[in-house]
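For ligands, and for the atoms within them, numbers begin at 1 and follow the listed sequence.
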Amino acid sequence: MAPKGTPHAHSTRVAIVGAGPAGLLLGQLLTVAGIDNIVIEQRSPEHVLSRIRAGILECVTVDALARAGVDARLRAEGLVHRGIELSFGGVRHRIDFHALIGRDVTVYGQTEVTRDLMAARQEAGMPSVYEAQDVSLHDFDGRRPRVCYRKDGIEHEVSCDFIAGCDGFHGVSRASVPDASKQIFERVYPFGWLGILSETPPVADELIYASHPRGFALCSMRSKTRSRYYVQVPSAEKAEGWSDDRFWDELRSRLDAEAAEALVTGPSIEKSIAPLRSFVCEPMRFGSLFLAGDAAHIVPPTGAKGLNLAASDVLYLADGFIAHYRHGDSQELDLYSARCLSRVWKAERFSWWMTSLLHRFPDADAFAHRIQQAELDYLVSSEAACRSLAENYVGLPR
Ligand code: RFL
Ligand code: PHB
């Protein structure tokens, strides 16, 4: 027993803060490479699995999950989508990724990715601490990096070589870095997405991104029997103000006549509002602390990039740790921040552009509306413009 007042001491190579997709994927890639790690999460496993978020995986993400050895269910149950549809002016236009650039995306929910990663971690017998309270980071710019937390009233201290801050936008990792050491770039949009999940067949085979005078709408899915739909709402809106009927009526009003007719409605399983934000923290490394995923950057969900960027960061980070431990080569870790940020900013640009293209902005004047219409018309009439959308949507090369 540690004497009273002295925290329980643990030590590991990499202490990972946060058990979202970034933290769990990093943990699995390190475990596969034989690098000791611990995952420290403030919420319960049930809470982590109850968050309904992303649904679209780029090839890079699918490959990362394969490398981590957690792609069996994804291969069996994921839906390969070869394109998306854009809807405006009452007409739908298909963008055929496969024909344009020969690549696809996979529909497989973030909840399922997380569930698969949790199961693999448990099977590998790697340590995870859930419901850790008052997680704090220490001395990451010095010689003795540590992560401290309290669990069931007992204080713990984990000494490590490196800390991976994978604790999302509201986490403690980025907040632990002094303001003078980081630069923040941010845009908050004057609207959010009200989303529902329902046990109903999707309205179409592919996703429909709809731009309508009443606002943006998105028809997505989790499987052939489970749908995920979103409508743009003002920032101040509350989910409690939206009955299922009100949601379905609003969604239907923003779709083309054929989709509105085909829409199958049913009770919602989940209903919530997500604010839309673009955010980047530079750099992404501070001494032995590395930020990855939403801890370092946020994109509005319109381009389906958030989870995919998290996976891409984690691949660079895992490769950096592997080169460091196997070959004593720290060059990849030194390049981590610059490599990630180069890809992050391209995804930020694409997500901002998709958001600007498809949403109604409250302060937009008549000129802005005409420009938006012209951009949509140009997009669907130009193969070059469609190809540009396609290559960004399926994910830029790493
Ligand atoms: P997460 O998933 O937020 O996980 C962070 C974890 O850290 C924990 N945590 C802490 N742990 C310890 N100590 C602390 N002090 C802590 N503070 C927080 C949290 O409890 C949590 O478990 O971040 P991560 O791993 O970086 O993953 C990022 C993704 O979750 C996110 O980018 C995506 O969900 C974004 N996103 C989408 N991304 C896509 O690639 N494709 C999509 O189709 C897509 N759709 C979406 C989205 C996000 C949405 N919302 C709700 C924001 C749709 C929506 C509606
Ligand atoms: C989703 O299915 O939740 C989803 C799909 C595409 C997006 C955003 C969210 O662009």
Side-chain angles (χ1 to χ4, degrees), residues 15-27 39-45 47-58 60-61 79 81 84 105-111 113-114 117-118 128-137 147-150 163-176 192-197 202 206-209 216 218-223 226-230 270 272-277 279 291-314 344 347 350-351 354-355 358 393 395:
I16 302 171
V17 184
L24 289 172
L25 178 59
L26 177 64
V39 171
I40 301 163
E41 161 66 48
Q42 70 172 4
R43 312 304 293 251
S44 67
H47 179 92
V48 170
L49 285 174
S50 72
R51 292 189 295 233
I52 308 296
R53 289 186 171 177
I56 303 289
L57 308 184
E58 297 175 3
V60 166
T61 307
L79 306 174
H81 278 200
I84 56 169
V105 292
T106 302
V107 173
Y108 190 70
Q110 175 168 331
T111 315
V113 171
T114 309
L117 284 163
M118 274 182 180
S128 308
V129 181
Y130 283 90
E131 297 177 275
Q133 292 174 302
D134 290 335
V135 177
S136 57
L137 281 55
V147 177
C148 297
Y149 61 92
R150 192 173 59 255
I163 303 172
C166 302
D167 48 351
F169 183 64
H170 300 288
V172 67
S173 298
R174 190 185 68 253
S176 306
W193 281 15
L194 168 65
I196 71 163
L197 189 67
E206 293 177 336
L207 270 61
I208 304 174
Y209 287 82
F216 170 77
L218 172 61
C219 305
S220 182
M221 63 189 77
R222 290 292 175 274
S223 71
R226 188 174 269 208
S227 297
R228 178 77 168 151
Y229 295 106
Y230 299 96
E270 194 261 4
S272 57
I273 295 186
L276 263 66
R277 180 191 301 269
F279 178 96
L291 302 180
D294 279 14
H297 41 73
I298 293 286
V299 285
T302 328
K305 287 280 157 267
L307 169 61
N308 293 301
L309 275 183
S312 161
D313 291 351
V314 159
V344 164
F350 176 66
S351 304
M354 280 278 276
T355 303
L358 296 168
Y393 194 95

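Contact check for P21 versus Q110: side-chain heavy atoms found under the 4.5 Å cut-off. N308 is not listed as a side-chain neighbour of V60, based on a closest heavy-atom distance of 4.5 Å or more. The closest side-chain heavy-atom distance from H81 to M221 is below 4.5 Å. For the pair V135/D167, no side-chain contact is recorded, criterion being any heavy-atom separation below 4.5 Å from C-beta on. Between V48 and L24 the shortest side-chain heavy-atom distance does not fall below 4.5 Å. Looking at L49 and M118, their side chains come closer than 4.5 Å, going by heavy atoms from C-beta outward. Between V39 and V129 the shortest side-chain heavy-atom distance does not fall below 4.5 Å.
Any N or O atom pair closer than 3.5 Å counts here, and H170 shares no such pair with ligand 1. Geometrically, ligand 1 and A22 share a nitrogen or oxygen pair separated by less than 3.5 Å. In terms of N/O distances under 3.5 Å, ligand 1 is not approached by V48. Taking only nitrogen or oxygen atoms, main chain and side chain alike, R43 does not reach within less than 3.5 Å of ligand 1. Between Q42 and ligand 1, at least one N/O pair is under 3.5 Å apart. For ligand 1, the polar-atom distance check finds an N/O of Q110 within less than 3.5 Å of one of the ligand's N/O atoms. The distance criterion of under 3.5 Å between nitrogen or oxygen atoms is not met by Y393 with respect to ligand 2.
Looking only at distances, no side-chain donor or acceptor of D313 sits under 3.5 Å from a matching main-chain atom of D294. Under the 3.5 Å distance criterion, the side-chain polar atoms of R174 are matched with a main-chain donor or acceptor of A295. Under a 3.5 Å cut-off, the side chain of D134 and the backbone N or O of R150 do not form any donor-acceptor pair. When atom types are taken as modelled, the side chain of T355 and the backbone of S351 share a donor-acceptor pair closer than 3.5 angstrom.
Close contacts between ligand 1 and G168 involve ligand atoms 3 (O), 5 (C), 23 (O) [criterion: under 4.0 Å to a heavy atom]. Here is the list of ligand 1 atoms found below 4.0 Å of a heavy atom in G171: 17 (N). Atoms of ligand 1 found under 4.0 Å from any heavy atom of V17 (numbered from 1 in listed order, with element): 12 (C), 13 (N). Residue-ligand proximity, I40 to ligand 1, at heavy-atom distances under 4.0 Å covers atoms 11 (N), 12 (C). Within the listing of ligand 2, atoms 6 (C), 7 (C), 10 (O) sit less than 4.0 angstrom from a heavy atom of Y209. Shown in contact with C166 at under 4.0 Å from a heavy atom are these atoms of ligand 1, numbered in order with element: 5 (C), 6 (C), 7 (O). Near L207, with a cut-off below 4.0 Å to any heavy atom, the atoms of ligand 2 are 5 (C), 6 (C). Annotation for ligand 1: atoms under 4.0 Å from non-hydrogen atoms of G306 are 32 (O), 35 (C), 38 (N), 39 (C), 40 (O). Near G293, meaning under 4.0 Å from one of its heavy atoms, ligand 1 places the atoms 26 (O). Per-residue contacts place I56 under 4.0 angstrom from the following atoms of ligand 2 (heavy atoms of the residue considered): 5 (C), 6 (C). Less than 4.0 angstrom separates some heavy atom of Y230 from each of these atoms of ligand 2: 1 (C), 3 (O), 4 (C), 9 (C). Set against the non-hydrogen atoms of N308, the atoms of ligand 1 under 4.0 Å away are 40 (O).
Nearest to atom 36 (N) of ligand 1 among the protein's heavy atoms is A54 CB, 3.8 Å. At the shortest separation from atom 38 (N) of ligand 1 among protein heavy atoms lies L307 N, 2.9 Å. Here the protein heavy atom with the shortest distance to atom 27 (O) of ligand 1 is P21 CG, 3.5 Å. Nearest to atom 4 (O) of ligand 1 among the protein's heavy atoms is G20 CA, 3.4 Å. Protein heavy atom closest to atom 48 (C) of ligand 1, with residue, atom name and distance, is R53 CB, 4.2 Å. Taking atom 8 (C) of ligand 1 as the reference point, the nearest protein heavy-atom neighbour is E41 OE1, 3.1 Å. Atom 18 (C) of ligand 1 has as its closest protein heavy atom D167 O, 3.1 Å. At the shortest separation from atom 43 (O) of ligand 1 among protein heavy atoms lies G55 N, 3.2 Å.
With rounding to the nearest 0.5 Å, the separation of CD1 in I84 from CG in L218 is 9.0 Å. Atom CG of L25 is separated from atom OG of S312 by 10.5 Å, given to the nearest 0.5 angstrom. Once rounded to the nearest 0.5 Å, the distance linking OH of Y229 with CG of L197 reads 10.5 Å. The distance from atom CD1 of I163 to atom OG of S173, rounded to the nearest 0.5 Å, is 7.5 Å. Here the OG1-CZ distance, from T111 to R222, works out to 6.5 Å after rounding to the nearest 0.5 Å. To the nearest 0.5 angstrom, E206 atom CD is 11.0 Å from L79 atom CG.
Proximity of W193 to ligand 1, defined as any heavy-atom pair under 4.0 Å, is not found for any part of the residue. Neither the backbone nor the side chain of I52 comes within 4.0 Å of ligand 2, counting heavy atoms alone. Contacts between R53 and ligand 2 below 4.0 angstrom, taking non-hydrogen atoms only, involve the backbone exclusively. Under 4.0 Å from ligand 1, the heavy atoms of K305 that appear belong solely to its backbone. Contact annotation: for V299 versus ligand 1, there are no heavy atoms closer than 4.0 Å. At a heavy-atom cutoff of 4.0 Å, ligand 2 is contacted by the side chain of W193 but not by its backbone. Of the heavy atoms in T302, only backbone atoms (N, CA, C, O) come closer than 4.0 Å to ligand 2.
Contact annotation: Q110 has no heavy atom less than 4.0 Å from any atom of ligand 2. For the pair R51 and ligand 1, a heavy-atom separation below 4.0 Å is found. For the ligand labelled ligand 1, residue Y149 lies outside the 4.0 Å heavy-atom shell.
With distances taken over non-hydrogen atoms, the option nearest atom 50 (N) of ligand 1 out of S173, G165, A274 is A274. Of the candidates G55, S220, G306, P301, the one placing a heavy atom closest to atom 2 (O) of ligand 2 is S220.
Note: F350 and Y393 have perpendicular aromatic rings, judged against thresholds of 30 and 60 degrees for the angle between ring planes. Taking the six-membered ring for Trp and thresholds of 30 and 60 degrees, F169 and F279 have ring planes more than 60 degrees apart, a perpendicular arrangement.
Shortest non-hydrogen contact noted between Y209 and T302 is CE2-O, 3.3 Å. Shown here for A22 and A292, the closest heavy-atom pair between the two residues is CB-O, 4.4 Å. Nearest approach of I56 to A304, heavy atoms of both residues: CB-CB, 3.8 Å.
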